[in-house]
Amino acid sequence: MTDANSPDNIYANPIANLGSFQFDEQVVGVFPDMIKRSVPGYATIINMIGTLSEKYTRSGSNCYDLGCSLGAASLAMRHRIQAADTSIIGIDNSPAMIERCQMVMDADSGEIPVELRCGDIQSTDISNASVVVLNFTLQFIPVEHRHAILTKIYDGLNSGGVLILSEKVTFGDDPHDQLMINLYHDFKRANGYSDLEIAQKRSALENVLIPETLDGHRQRLKDVGFASCDVWFQCFNFASMIAIK
């Protein structure tokens, strides 16, 4: 496996058979750089996951990081939660991600136990939860399965518990949607990505990452049963929501 601090140049050269984007060993090796240069506001979102977890986690409960990748959200929770007798459960379906994430957790000084599982979040049981994080994860789940996942999360949350949902989003107004896409591409260019890299990655993500509108997310969260939900952060076509049970 490559060094996880390697620069992201996966799409720097023309690729004849592009294929679909996968969270494989190649992506794991460049993931920190990829996220930093590809997701506007990512550091702010991670920091606030820690802050929100500190506020909402109750003693004797669980916190879940669904689609944990290399554990950034889990670490943020681990170093901010003050409630006693709590645990963090991180789940990802990429063996390469889980392997690297375990190394990150083993090297970390945090005292709250973090249990990592390689598995499908669609078949993951959620129980006694204060906080559940879906940080740019739901967008990779088929749209027709998203209601069922959120229902399972809602049922597993304790009263007063929260879901933190971060997603790439789209907009119902076509000119505004295109404006946000263009601004996002400008953001990527400013971070050193070429037009070729932007185009090839966008093609690789087509039919893999399916964004929805913020109104669509709000309506689904309300349909599932959340008492309150709305956006707390947005930059271009990336947003994070908090839903309270």
Side-chain angles (χ1 to χ4, degrees), residues 8 10-11 15 17-24 26-28 31 34-35 37-42 45 64-70 72-73 91-94 96-97 119-124 126 132-154 163-185 187-188 193 197-224 226 229-243:
D8 174 22
I10 291 175
Y11 297 102
I15 301 173
N17 299 310
L18 198 56
S20 296
F21 183 87
Q22 299 181 51
F23 291 98
D24 54 18
Q26 185 182 30
V27 169
V28 170
F31 193 68
M34 177 183 288
I35 287 292
R37 296 166 62 201
S38 299
V39 180
Y42 186 76
I45 292 171
Y64 290 83
D65 184 3
L66 303 180
C68 62
S69 61
L70 298 187
I91 299 160
D92 202 286
N93 66 357
S94 166
M97 281 288 186
D120 187 346
I121 67 170
Q122 296 184 71
S123 57
T124 296
I126 307 295
V132 176
V133 174
L134 280 169
N135 202 40
F136 303 106
T137 298
L138 193 67
Q139 60 197 22
F140 292 104
I141 302 297
V143 174
E144 62 270 20
H145 296 158
R146 295 178 187 180
H147 188 281
I149 289 175
L150 293 180
T151 297
K152 181 177 289 191
I153 291 170
Y154 178 85
L163 166 66
I164 303 167
L165 173 66
S166 308
E167 290 279 285
K168 187 176 184 181
V169 297
T170 187
F171 300 89
D173 179 77
D174 289 341
H176 186 73
D177 190 52
Q178 191 58 55
L179 172 62
M180 291 299 103
I181 291 171
N182 292 341
L183 289 172
Y184 174 51
H185 289 170
F187 167 85
K188 296 190 76 171
Y193 284 119
E197 288 174 290
I198 293 170
Q200 289 194 132
K201 187 174 182 183
R202 187 176 187 182
S203 295
L205 283 168
E206 189 175 6
N207 300 320
V208 175
L209 189 165
I210 309 298
E212 297 182 273
T213 64
L214 288 169
D215 284 343
H217 285 295
R218 288 189 189 96
Q219 188 60 57
R220 185 186 290 117
L221 290 166
K222 290 178 180 178
D223 289 346
V224 166
F226 283 98
C229 62
D230 218 323
V231 174
W232 68 267
F233 176 88
Q234 182 182 342
C235 184
F236 308 137
N237 48 355
F238 288 77
S240 190
M241 308 178 74
I242 182 167

For this session: Give the C-alpha distance, both sets of side-chain angles, the deciding distance and a yes or no for side chain to side chain contact (heavy atoms under 4.5 Å, CB included) between H217 and V231.
Result: CA-CA 10 Å; H217 285 295; V231 174; over 6 Å; no
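- A distance of 10.0 Å separates CG of L214 from CG of N237, quoted to the nearest 0.5 Å.
- Ring geometry for F140 against F23 counts as perpendicular: the plane angle is over 60°, on a 0 to 90° scale with 30° as the lower cut.
- Looking at every heavy atom in both residues, I91 comes nearest to G119 through CG2-O, 3.6 Å.
- You'll find the side chain of I126 reaches within 4.5 Å of the side chain of L66, heavy atoms only.
- At a threshold of 4.5 Å between non-hydrogen side-chain atoms, the residues I121 and N93 do not count as touching.
- At least one side-chain heavy atom of I45 sits less than 4.5 Å from a side-chain heavy atom of W232.
- Of the inter-residue distances, the one linking E144 atom CD with I210 atom CD1 reads 9.5 Å to the nearest 0.5 angstrom.
- Taking every heavy atom of both residues into account, P40 and F233 meet most closely at O-CE2, 4.0 Å.
- No donor-acceptor pair closer than 3.5 Å links the side chain of Y184 to the backbone N or O of C235.
- For the pair L209 and F136, the minimum side-chain heavy-atom distance is 4.5 Å or more.
- Put simply, the side chain of E167 gets close to the backbone of L138: a donor and an acceptor are under 3.5 Å apart.
- Minimum interatomic distance between I164 and S240 (heavy atoms only, all atoms of both residues): CG2-OG, 3.9 Å.
- The NE2 atom of H176 lies 9.5 Å from the OG1 atom of T170; values are rounded to the nearest 0.5 Å.
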Problem set entry | Step-by-step side chain to side chain contact (heavy atoms under 4.5 Å, CB included) determination, I181 to R202 | CA-CA 11 Å; I181 291 171; R202 187 176 187 182; 3.9 Å; yes
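- With hydrogens and angles ignored, the 3.5 Å screen pairs a side-chain donor or acceptor of Q234 with a backbone N or O of F236.
- Taken to the nearest 0.5 Å, the CG atom of D215 stands 12.0 Å off from the CZ atom of R220.
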For this session: Evaluate side chain to side chain donor-acceptor pair (under 3.5 Å) for Q178 paired with D174, printing each intermediate quantity in order.
Result: CA-CA 6 Å; Q178 191 58 55; D174 289 341; over 6 Å; no
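- The minimum heavy-atom distance between S69 and D92, with the atom names listed, is N-OD2, 2.9 Å.
- A ring-centre distance under 6.0 Å is not found for Y42 and F238.
- Between L205 and Q139 there is no side-chain heavy-atom pair separated by less than 4.5 Å.
- Side chains of Q219 and D223: a donor-acceptor N/O pair is present below 3.5 angstrom, by distance only.
- Residues V169 and M180 are not in side-chain contact: their nearest non-hydrogen atoms beyond the backbone lie 4.5 Å or more apart.
- You'll find the side chain of I153 stays beyond 4.5 Å of the side chain of V224, heavy atoms only.
- Contact annotation: the side chain of F21 approaches that of V27 to within less than 4.5 Å [non-hydrogen atoms, C-beta and beyond].
- No donor-acceptor distance shorter than 3.5 angstrom exists from the side chain of N17 to the backbone of G19, with no hydrogens or angles considered.
- With values rounded to the nearest 0.5 angstrom, L221 atom CG is found 6.0 Å from L165 atom CG.
- Geometrically, K201 does not engage Y11 in a cation-pi contact, judged by NZ or CZ lying under 6.0 Å from the ring centre and within 45° of the ring axis.
- For the pair R218 and C229, the tightest heavy-atom approach, listed with the atom from each and the gap, is O-SG, 3.8 Å.
- One finds the OG1 atom of T137 at 11.0 Å from the CZ atom of R146 (value rounded to the nearest 0.5 Å).
- Residues F226 and L163 approach most closely at CZ-CB, 4.0 Å, considering heavy atoms.
- Of the possible donor and acceptor atoms, one in the side chain of Q200 sits under 3.5 Å from a partner among the backbone N and O of I15.
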